[in-house]
Amino acid sequence: MSFFLTVPGPLDLKATLESGQVFRWEQADGWYWGVIGAHGYALRQGEGGLLVRTGAPSEARAKEALAGFLRLDDDFEGVCREMGRDQRLREALARYPGLRLLRQEPWECLVSFMCSQVSNIPRISQNLRAIAQAHGEAVEMDGRRLYRFPGPERLTEAGAEGLRRLGLGFRAEYVALAAREAAEGRLDLMALREAPYQEAKERLMALRGVGEKVADCALVFSLDKLEAFPLDRWVRRALAEWYGQGEKARYGEALAWAQARWGGRCGYVQQYLFHYRRMVGT
DNA sequence: GGTGCACCTGTTAC
DNA sequence: AGTAACAGGTGCA
């Protein structure tokens, strides 16, 4: 099935899918291929929206899934107007209009950022593809084989050793432990969507291998906590160079500074600072 | 509570 | 081509 998805406001598909939020969307034949929920999708930039091909059962269901994934329920243009009051963000917005935050599936998102520590984007992608290919359910679409991300039960079976063989290194143990907690019902990620920021963050940080930064990534990219502000090397560099903040400031202090300044826009601001600073180069 | 080191291994930089 | 530093942090002494 194929159709056109009208999107209000700017949407830059490439920047959105390649700005380090998601790691498994791949470009081929001029389309971006990936899985949302149980179905395969191919997306392509269009004027005023996206060209969509999908194996989803109905157009209505596909549109609903895409609206959720792309966070079309956010007032993106309103957020941009507010961000535009800041000099640096205005530059970033001019350069990358339509860079969106995504609403990912929490389990894959958590695993993604557990895998991200002291790694790099090519390797993170490789790790996640290896996990999906080895343990995920295949989804056929238009002659391509895509994979769903395996659930906690399956990754519990795979175990730390199995994950290590896929190249996760020391992160394998962390993922295996989190998988077990989720599979046994001690970790309910979906429930954290309803919990307040601080409470959800504390639950995540109780997991081995999840510190403040990884927790904030899971919170902002999958658990609807747009006040989260993941502070990685790039964002710290941006705050130091552009806002006179100490690059070595304690996480909590830098976070408080950002939240006081940007409030519920922190998620979007972080994404723009990260992407812009990374594109500017070292 | 803060500091310094180890952790797997693919990329990247000489 | 080969080698060393570095990479979207975190746990632990």
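Residue numbers start from 1 in every chain, and the chains themselves are labelled A, B, ... in the order their sequence lines are given, proteins ahead of strands.
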Please determine, for the side chain of A:Arg250, which listed nucleotide (C:dT10, B:dG2, C:dC12) has the closest atom? B:dG2

Nearest whole Å is fine: how far is C:dT10 P from A:Phe113 CZ? 12 Å

I'd like to know if A:Arg171 reaches the base of B:dC8 with its side chain, counting only an N/O donor and acceptor under 3.5 Å. yes

Under 4.0 Å, counting only non-hydrogen atoms across every strand here, what does A:Glu173 touch: a base, just sugar-phosphate, or nothing? nothing

Length of the CE-P vector between A:Met114 and B:dC8, whole Å: 15 Å

Both conditions, 6.0 Å and 45 degrees, for the charged tip of A:Arg100 above the ring of A:Phe76: are they met here? yes

Test: A:Arg144 cationic atom under 6.0 Å from A:Trp33 six-membered ring centre, within 45° of axis: yes

Quick check for you: among C:dC12, C:dG9, B:dT11, whose closest atom lies nearest to any side-chain atom of A:Pro122? B:dT11

Re B:dG2: Watson-Crick or G-U wobble partner, both distances kept under 3.5 Å, found to be none

Angle class for the A:Tyr243/A:Trp262 ring planes (parallel below 30°, perpendicular above 60°, tilted otherwise)? perpendicular

Between CZ of A:Phe274 and C1' of C:dA7 the distance, given in whole Å, is 11 Å

Need to verify one output field. Residue with the more 5' nearest nucleotide on DNA chain C, A:Asn120 or A:Gly209? A:Asn120

Checking all strands, does A:Val235 fall into the base, sugar-phosphate, or nothing category for heavy-atom contacts under 4.0 angstrom? nothing

Can you find a donor-acceptor pair, distance only, under 3.5 Å between A:Arg123 side chain and B:dT11 base? no

Would you say that more than 12 heavy atoms from the other residues, nucleotides or ligands in this model lie under 6.0 Å from the CD of A:Glu64, or not? no

For C:dG9 and B:dT12, measure between their P atoms and round to the nearest Å. 16 Å

With a 4.0 Å cutoff (strictly under), does any side-chain N or O of A:Arg233 reach OP1 or OP2 of C:dC6? no

Is there a Watson-Crick or G-U wobble partner for B:dC8 with both distances under 3.5 Å, and if so, which one is it? none

Strictly below 4.0 Å: does A:Gln126 bring a side-chain N or O up to OP1 or OP2 of B:dT11? yes

A:Gln117 atom CD is separated from B:dT9 atom P, nearest whole Å, by 14 Å

I'd like to check A:Phe170 versus A:Val118 (side-chain heavy atoms, cut-off strictly below 4.5 Å). Are they in contact? yes

Can you tell me how far P in B:dC8 sits from the matching atom in C:dA13, rounded to whole Å? 15 Å

